[in-house]
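As the structure is a computational prediction, the values presented were derived from the model and not from experiment.
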Amino acid sequence: MPQKFNLANFFGMDTDADQPNTDNEKSTDNVVLMNRQNIDPSKIIVFEPINYTDVDTIAQKLLEDSAVIIKLNKLDVNSSARMVDFLNGVLFAIHGSINRLDKDIFLCSPKKVPSN
């Protein structure tokens, strides 16, 4: 049964204690699936934005078919939410995907770069 999306939980502001966990559900919060296809490491860029305006540079790299790892630990919660929301729109337009790697770390992949 799919779990209802919760933005507060997505950004780690909500605890899992208030959501029931059944034995049939497997926790995959810290699992990153690796694909055996070769990815050019020069096409993976790491960003650690310090303000929301850095989203333009990140979006441009995605449009250039580069995978982007984003560390949001220097942004406040509202700016982080806005940035992830904007990048979700960019990734939707280019048929890409976004995956959470850690609490404040995300992998954004365009369609040509496999992410799972």
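Summarising the geometry of Cys108 relative to Ile70, their closest heavy-atom pair is SG-CD1, 3.6 Å, with the distance given to 0.1 Å. Among all heavy-atom pairs drawn from Ala59 and Val90, the shortest one is CB-CG2, 4.0 Å. Looking at every heavy atom in both residues, Tyr52 comes nearest to Arg82 through CE2-NH2, 3.2 Å. In terms of heavy atoms, Leu62 sits closest to Val68 at CD2-CG2, 3.9 Å. The heavy-atom pair separating Pro49 from Asp54 by the smallest distance is CA-OD2, 3.3 Å. Nearest heavy atoms, Leu91 versus Ser97: CD1-O, 3.5 Å.
Asn88 places a side-chain N or O within donor-acceptor distance of the main-chain N or O of Val84, the cut-off being under 3.5 Å.
Rounded to the nearest 0.5 Å, atoms CG (Leu72) and CG (Asp102) are 11.0 Å apart. Distance check: Phe106 CZ to Asn99 CG gives 10.0 Å after rounding to the nearest 0.5 Å. Separating the CD1 atom in Ile50 from the CG atom in Leu75 is a distance of 8.5 Å, to the nearest 0.5 Å.
The hydrophobic cluster containing Val46 also contains Leu101, counting ILVMFWY residues as joined when their side-chain heavy atoms lie under 4.5 angstrom apart, directly or transitively. Residues Val55 and Phe92 do not share a hydrophobic cluster, clusters being chains of Ile/Leu/Val/Met/Phe/Trp/Tyr side chains in contact below 4.5 Å. Linking Ile, Leu, Val, Met, Phe, Trp and Tyr whenever their side-chain heavy atoms come within less than 4.5 Å puts Leu63 and Met83 in one cluster.
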*Start with the C-alpha gap between Asp76 and Ser79, add the side-chain angles, then the distance that decides, and say whether side-chain hydrogen bond (donor to acceptor under 3.5 Å, both in side chains) holds.*
CA-CA 5 Å; Asp76 61 279; Ser79 295; 2.9 Å; yes

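Asn73 is listed as a side-chain neighbour of Glu48, based on a closest heavy-atom distance under 4.5 Å.
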